[in-house]
Amino acid sequence: MVDALGVAVVGFGWMGRVHTQAYARLPHHYPRLPLRPRLVAVAEEVPGRAEEAAERFGFASATRDWREVAADPRVRAVSITAPNFLHREIGVAMAEAGKHIWIEKPVGLTAEDARAVADAVATAGVQGAVGFNYRNAPAVEAARDLIAAGGIGTVTHVRIRLFSDYAAHPDGALTWRYERARGGSGVLGDLASHGADLARFLLGDIASLTADTAVFVPERARPAGATAGHALAPGGERGPVENEDYVGCLLRFASGARGVLEACRVSVGEQNTYGFEVHGTRGAVFWDFRRMNELRTSLGTTYQDQPVSTEYVGPGAGEFAAFQPGAANAMGYDDLKVIEAYRFVRSVAEGTPYGATVADAVHSAAVLDAMARSVQSGSWVDVEAS
């Protein structure tokens, strides 16, 4: 007997749709999961958007006020995919109402915001999952296992890159993402938060860092109405961009390894160029999100002129077997969110956290806060313990 889990989605832009579709796919990929999500409610403040989502995806009810979701006894779990500045208020309120939460990163604007949500989750005794989807790629999990097993020796250094062009167009709309009060630290929260999580997931805690940031597109056009995604607003009144387009960061890990983390949202010619290169004393491992199901490895004992091989990950890696029967059958971005949904619902079913949690979001946010402090001071800073 499979029990129903009443779920709601708060905020229905692109990411709200991705969460909704992930819930719908769970029975197909994980038929033995003891809970089956039931779409109970959707909340979105843009007029008509919630009603459209309910009609399209089958939510039982729609509202413009997320507080109605918090008070709804049918709802046991909530996806929070609203803008960043609402994460703390909604996350704390949902946890205090006894709802399990699956919240998108960066869980607020600061580490203080993330800690507030984490504290609320812990106090309420509910589950709190976070949308660090790239760590769910089977190849990334295989890379982590290889590193942990000493397959590349002692890690010496890593380079993590997150380059995209989604904000490169000069007519890109001046949405909440570019405001300090609502979007927080710009590309730090949007992309570097993933980089900080990947760094810790692969190599452990970051001890200290030094960072530099820049704004390369200083003005954008104000949109005439509600927007979704990264819309253009040609001809609109220009306004200032208040947060970062670019961050470059040198890292020192607690292990002694060194690292470089770069993220940019205005990189012309780069479409989701996300990945890492990890080097050790006798090998290396490389991953590129655009070739998500591949790992490039250099393994052996020759050191000099050691060849690099390409491995197509298969059913033995991460959750690959839930999607494809054999290596080199491709998985995609939405599959990573299905894995995330599975681990969230499994956490609810078993009362034990699986996958990325709000505690991981606190660690990532502490790294972002350290980046901001480093930029202000122009020096190396310690990453505050989480």
Side-chain angles (χ1 to χ4, degrees), residues 1-83 86-104 107 116-131 337-355 357-358:
M1 180 68 178
V2 177
D3 293 329
L5 176 69
V7 301
V9 176
V10 174
F12 209 84
W14 170 66
M15 189 54 67
R17 176 175 58 80
V18 170
H19 277 229
T20 301
Q21 293 173 165
Y23 285 129
R25 290 177 58 191
L26 278 183
H28 305 288
H29 297 282
Y30 298 97
R32 293 182 179 82
L33 193 61
L35 289 176
R36 181 163 297 182
R38 180 166 58 89
L39 301 178
V40 170
V42 56
E44 169 57 63
E45 65 176 12
V46 175
R49 191 176 285 175
E51 290 77 10
E52 180 184 353
E55 181 178 357
R56 181 177 177 185
F57 294 100
F59 289 95
S61 60
T63 179
R64 291 182 62 185
D65 187 352
W66 60 263
R67 294 168 185 82
E68 293 183 10
V69 172
D72 191 335
R74 301 171 301 168
V75 176
R76 292 178 56 200
V78 181
S79 279
I80 301 171
T81 55
L86 295 171
H87 285 186
R88 176 174 180 167
E89 181 182 10
I90 298 174
V92 169
M94 293 300 175
E96 290 179 344
K99 318 293 188 188
H100 305 283
I101 63 172
W102 174 15
I103 186 169
E104 277 303 316
V107 189
V117 176
D119 288 346
V121 165
T123 299
V126 296
Q127 297 299 317
V130 175
K337 303 305 279 191
V338 175
I339 295 171
E340 217 167 271
Y342 161 66
R343 289 173 173 167
F344 173 49
V345 174
R346 184 182 177 190
S347 298
V348 173
E350 299 182 17
T352 300
Y354 293 94
T357 68
V358 287

Do other residues, nucleotides or ligands put more than 12 heavy atoms under 6.0 Å from the CD atom of Glu350?
yes

Contact summary for Pro37 and Leu26, nearest pair of heavy atoms:
CG-CD1, 3.7 Å

Might you point out which heavy atoms bring Ala116 and Arg88 nearest each other, and give the distance in Å?
CB-NE, 3.4 Å

If you define the side chain from C-beta out and look only at heavy atoms, does anything of Arg56 sit under 4.5 Å from Thr20?
no

State, with a plain yes or no, whether a side-chain heavy atom of Glu340 is found less than 4.5 Å away from one of Phe344.
no

Minimum side-chain heavy-atom gap Val130-Thr357 below 4.5 Å:
no

Answer yes or no: is there a side-chain heavy-atom contact under 4.5 Å between Tyr30 and Ile339?
yes

Taking the side chain as C-beta and beyond, is there a heavy-atom pair between Thr63 and Val42 under 4.5 Å?
no

When every non-hydrogen atom of Pro31 is compared with those of His28, the smallest separation belongs to CD-O, 4.2 Å

Please name the pair of heavy atoms, one in Val69 and one in Ala41, separated by the smallest distance, quoted to 0.1 Å.
CG2-CB, 4.3 Å

So, do Glu89 and Arg67 sit near enough that their side-chain heavy atoms are less than 4.5 Å apart?
yes

Shortest non-hydrogen contact from Ala54 to Ala62?
CB-CB, 4.1 Å

Is the shortest heavy-atom distance from the side chain of Arg64 to the side chain of Arg49 under 4.5 Å?
no

Ring pair (Phe, Tyr, Trp, His ring centres under 6.0 Å) pairs, two or more places apart, involving residues 44-69:
Phe12-Phe57

Determine whether a donor-acceptor pair (N or O, by modelled atom type, separation under 3.5 Å) exists between the side chain of His87 and the backbone of Ile103.
no

Rounded to the nearest 0.5 Å, what separates atom CD in Gln127 from atom CD1 in Ile101?
10.5 Å

Close side-chain approach of Val7 and Val40, heavy atoms under 4.5 Å:
no

With sequence neighbours excluded, give me every side chain to side chain donor-acceptor pair (under 3.5 Å) pair touching residues 33-45.
none

Under the side chain to side chain contact (heavy atoms under 4.5 Å, CB included) criterion, do Gln21 and Lys337 qualify, and how do the steps go?
CA-CA 9 Å; Gln21 293 173 165; Lys337 303 305 279 191; over 6 Å; no

Only pairs under 3.5 Å count here: list side-chain donor-acceptor contacts from residues 70-83, not counting sequence neighbours, and write none if there are none.
from, atom 1, to, atom 2, distance (Å)
Asp72, OD1, Arg74, N, 2.9
Asp72, OD1, Arg74, NE, 3.1
Asp72, OD2, Arg74, NE, 3.1
Asp72, OD2, Arg74, NH2, 2.7
Arg74, NH2, Ser61, OG, 2.9
Ser79, OG, His19, ND1, 2.8
Ser79, OG, Tyr23, OH, 2.7
Thr81, OG1, Val10, O, 3.2
Thr81, OG1, Gly11, O, 2.5

